[in-house]
Amino acid sequence: MIIPGILFKSQTSFSSISNLKLNFKSFLNPKFTLQFNPISSLKVVWRKDWTLDKAIENDKRYKLCARVVKEVLNEPGQAIPLRYLDKKRKRLRLNVGVKIFINNNPGLFDTYYDRIRPKSDLVPFLRPSNRLRNFLEEEKRIYDENEELVVSKLCKLLMMSRYKVISVDKLVHVKREFGLPNDFMVNLVPKYSNYFRLTGSPGEGQSFLELVEWNPEFAKSVIEQRAEEESQLTGIRVRPNFNYKLPPGFSLRKEMREWVRDWLELDYISPYEDVSHLDQASREMEKRMVAVLHELLSLSLLKRVPVPILGKFTNDYRFSNAFSSAFTRHSGIFYMSLKGGIKTAVLREAYKGDELIDKDPLLGIKDKFVELLGEGWRERAEMLRVRREQVKKDMEMMAAKNGELSEQS
């Protein structure tokens with residue numbers, strides 16, 4: 001079910017159904033219960049979406065490898081004793097020993113022997129392989145080619161915030177989610193002093209990134225850009241609004257369809273618009289909050305972000321304390337996955353099945369890393385195949401010799 005941007009008039013107001021309780025069935029035949037009280041108390045029972053969960057599962061191995069690589073690259077000299085890395089398994093969510101991980105993912109690291117202290121015994125160390133170093137060069141090239149995109153993303157993150165300023169620690173924490181390079185604070189921010197200003201005390205962990213210049217070109221959300229493009233194609237003015245797309249087989253009762261229609265008929269509020277005049281508990285503020293969440297997910301590399309990471313920006317973007325309930329309350333726009341024990345907000349319209357539709361140019365970095373992993377996996381598979389064949393030949397030879405001995409005896 002898709003409710004398009006050009007909407008129809010509703011005869012049912014929000015207040016007239018404010019006390020209704022509604023049950024309806026999903027494609028998995030569960031029951032959802034909505035209570036139409038103040039917006040903050042609207043609740044929808046969470047239901048599993050197998051296809052979007054599969055999209056997250058598909059990236060599980062890639063993300064694990066990326067975490068381990070990042071850990072090694074962050075070490076002084078980009079080298080670490082193997083046993084030190086093994087002690088970090090829990091934090092890295094590595095469920096096998098480091099030796100097994102290295103064997104399962106050849107091509108990432110080289111192993112060599114060195115001393116931790118001048119007179120200590122030699123122990124195995126890990127350092128990036130030549131393949132990994134070549135990938136890092138390719139990563140830098142992709143970042144350089146898309147520098148304008150990275151700058152626009154960083155500007156947009158600041159432009160949506162209440163005071164146009166965000167803690168540097170928060171931005172560094174989410175850099176991977178939005179495709180910001182590791183050194184963006186060192187190389188990118190000073191280079192674009194017309195947009196950014198670093199304030200506070202960097203050495204004391206109290207530094208902030210402040211927006212210097214407001215660029216109107218950046219102040220258009222994905223939804224507003226889409227409406228403009230549709231208007232130009234059709235010659236008909238299209239109102240900016242959300243695509244409300246329910247999973248296949250998902251049905252809504254009449255009263256619920258009317259509620260969705262009434263909510264969508266509210267004017268779209270851009271995430272870049274000043275909303276200091278709006279009541280935090282109003283329907284308009286709810287619409288603006290959903291617009292910000294939609295824009296944040298659209299700016300992310302994979303069109304999905306762990307909910308705890310979004311929660312770090314509650315004050316910056318004026319989210320309500322119960323903002324995460326919006327992902328289930330607006331289940332035609334978002335999906336909240338519980339895969340891996342982590343709540344992850346997913347933008348439905350960005351996926352067709354478990355495949356990402358509109359890929360961020362910076363995802364080229366991920367593709368190159370997956371290629372690197374694939375080379376190692378294929379080599380390992382070939383090595384195991386050769387080893388199995390050799391074992392089979394050895395067993396056949398032993399059987400033949402045993403047969404000859406039996407005949408002679």
Side-chain angles (χ1 to χ4, degrees), residues 56-57 59-140 143 167-187 202-205 207 301 306 308-309 312 339-342 344 365-366 368-381 383-384 387:
I56 294 175
E57 182 68 24
D59 286 335
K60 185 177 178 180
R61 191 173 183 182
Y62 147 75
K63 286 200 166 185
L64 174 61
C65 293
R67 285 198 299 271
V68 177
V69 167
K70 179 183 175 183
E71 192 69 32
V72 175
L73 294 179
N74 286 340
E75 288 291 314
Q78 295 187 336
I80 185 174
L82 190 146
R83 70 186 188 197
Y84 285 7
L85 186 61
D86 207 44
K87 291 178 180 179
K88 301 181 180 185
R89 282 172 50 197
K90 186 175 180 180
R91 181 166 60 80
L92 293 170
R93 300 194 294 280
L94 190 61
N95 57 5
V96 297
V98 171
K99 284 185 178 180
I100 297 175
F101 172 82
I102 299 302
N103 291 334
N104 291 343
N105 299 281
L108 288 178
F109 305 108
D110 291 334
T111 303
Y112 68 102
Y113 286 83
D114 202 350
R115 291 180 172 86
I116 298 175
R117 292 180 296 277
K119 295 184 179 181
S120 63
D121 294 333
L122 292 172
V123 296
F125 276 68
L126 295 177
R127 63 188 172 197
S129 65
N130 288 334
R131 284 186 192 172
L132 183 54
R133 294 192 183 281
N134 290 337
F135 159 75
L136 295 175
E137 289 296 321
E138 190 70 11
E139 179 185 47
K140 185 179 183 305
Y143 272 127
S167 162
V168 168
D169 287 344
K170 291 181 183 179
L171 292 172
V172 169
H173 189 75
V174 303
K175 61 185 178 183
R176 289 292 178 187
E177 304 298 329
F178 294 97
L180 306 179
N182 287 328
D183 58 358
F184 78 97
M185 287 302 305
V186 177
N187 293 329
E204 300 174 7
S207 55
L301 282 181
I309 287 181
K312 292 180 178 294
K339 197 70 179 174
I342 300 173
T344 302
I365 295 171
K366 176 196 169 185
K368 293 294 181 182
F369 188 64
V370 170
E371 285 179 17
L372 166 63
L373 294 175
E375 287 180 18
W377 296 340
R378 286 191 295 272
E379 287 177 5
R380 180 173 180 271
M383 180 186 68
L384 292 175
R387 187 180 299 173

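Excluded from the calculations below are hydrogen atoms, water molecules and symmetry mates; all remaining heavy atoms, backbone and side chain alike, are included.
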Undergrad: Tell me if the CG atom of Asn130 is crowded by more than 12 foreign heavy atoms within 6.0 Å.
TA: no

Undergrad: Decide whether a cation-pi geometry holds between Lys366 and Tyr62; the criteria are a distance under 6.0 Å from NZ or CZ to the six-membered ring centre and an angle within 45° of the ring axis.
TA: yes

Undergrad: Look at atom NZ of Lys312 and say whether more than 12 heavy atoms of other residues, nucleotides or ligands are closer to it than 6.0 Å.
TA: no

Undergrad: Which heavy atom of Ala79 sits nearest to which heavy atom of Tyr112, and what is that distance?
TA: CB-OH, 3.4 Å

Undergrad: Looking only at atom types and distance, does a side-chain atom of Ser129 sit under 3.5 Å from a main-chain N or O of Gly107, one as donor and one as acceptor?
TA: yes

Undergrad: Please report the closest heavy-atom contact between Pro106 and Gly376, naming both atoms and the distance.
TA: CG-O, 3.1 Å

Undergrad: List the atom of Phe109, the atom of Ile102, and the distance in Å for their closest heavy-atom pair.
TA: CD1-CD1, 3.4 Å

Undergrad: To the nearest 0.5 Å, tell me how far Leu136 CG sits from Phe369 CZ.
TA: 9.0 Å

Undergrad: Could you measure the distance from the NZ atom of Lys87 to the CD1 atom of Ile80? Nearest 0.5 Å is fine.
TA: 10.5 Å

Undergrad: Please examine the side chains of Ile365 and Glu138, heavy atoms only from C-beta on, and report whether any two atoms are closer than 4.5 Å.
TA: no

Undergrad: To check you understand the geometry: which heavy-atom pair defines the closest contact between Val96 and Arg89, and what is its length?
TA: O-NE, 3.1 Å

Undergrad: Is there a side chain to side chain contact (heavy atoms under 4.5 Å, CB included) between Glu71 and Leu85? Walk through the geometry before answering.
TA: CA-CA 8 Å; Glu71 192 69 32; Leu85 186 61; 3.9 Å; yes

Undergrad: Hey, what do you get for CG (Leu73) to NZ (Lys70), rounding to the nearest 0.5 Å?
TA: 10.5 Å

Undergrad: Which heavy atom of Asp114 sits nearest a heavy atom of Phe125, and at what distance?
TA: O-CE1, 3.5 Å

Undergrad: Please check: side-chain N/O of Asp86 versus main-chain N/O of Leu82, any donor-acceptor pairing under 3.5 Å?
TA: no

Undergrad: To the nearest 0.5 Å, what is the distance between CZ on Arg67 and NZ on Lys88?
TA: 14.0 Å

Undergrad: Can you see which heavy atom on Glu177 is nearest to which on Pro306, and at what distance?
TA: OE1-CD, 3.6 Å

Undergrad: From the options Arg380, Lys368, Arg131, select the one residue that forms a salt bridge (charged side-chain N to carboxylate O under 4.0 Å, His left out) with Glu375.
TA: Arg131

Undergrad: Identify the residue among Val69, Leu108, Leu373, Leu372 that makes a side chain to side chain contact (heavy atoms under 4.5 Å, CB included) with Phe135.
TA: Leu372

Undergrad: Flag the pair Val98 / Leu126 as yes when at least one side-chain heavy-atom distance between them is below 4.5 Å, and no otherwise.
TA: yes

Undergrad: For the pair Asp110 (side chain) and Arg127 (backbone), establish whether a donor and an acceptor sit closer than 3.5 Å, ignoring hydrogens and angles.
TA: no

Undergrad: Nearest 0.5 Å, what's the CZ-CD distance between Arg133 and Gln78?
TA: 5.5 Å

Undergrad: Would you compute the distance between atom NE2 of His173 and atom CG of Asp169 and round it to the nearest 0.5 angstrom?
TA: 10.0 Å

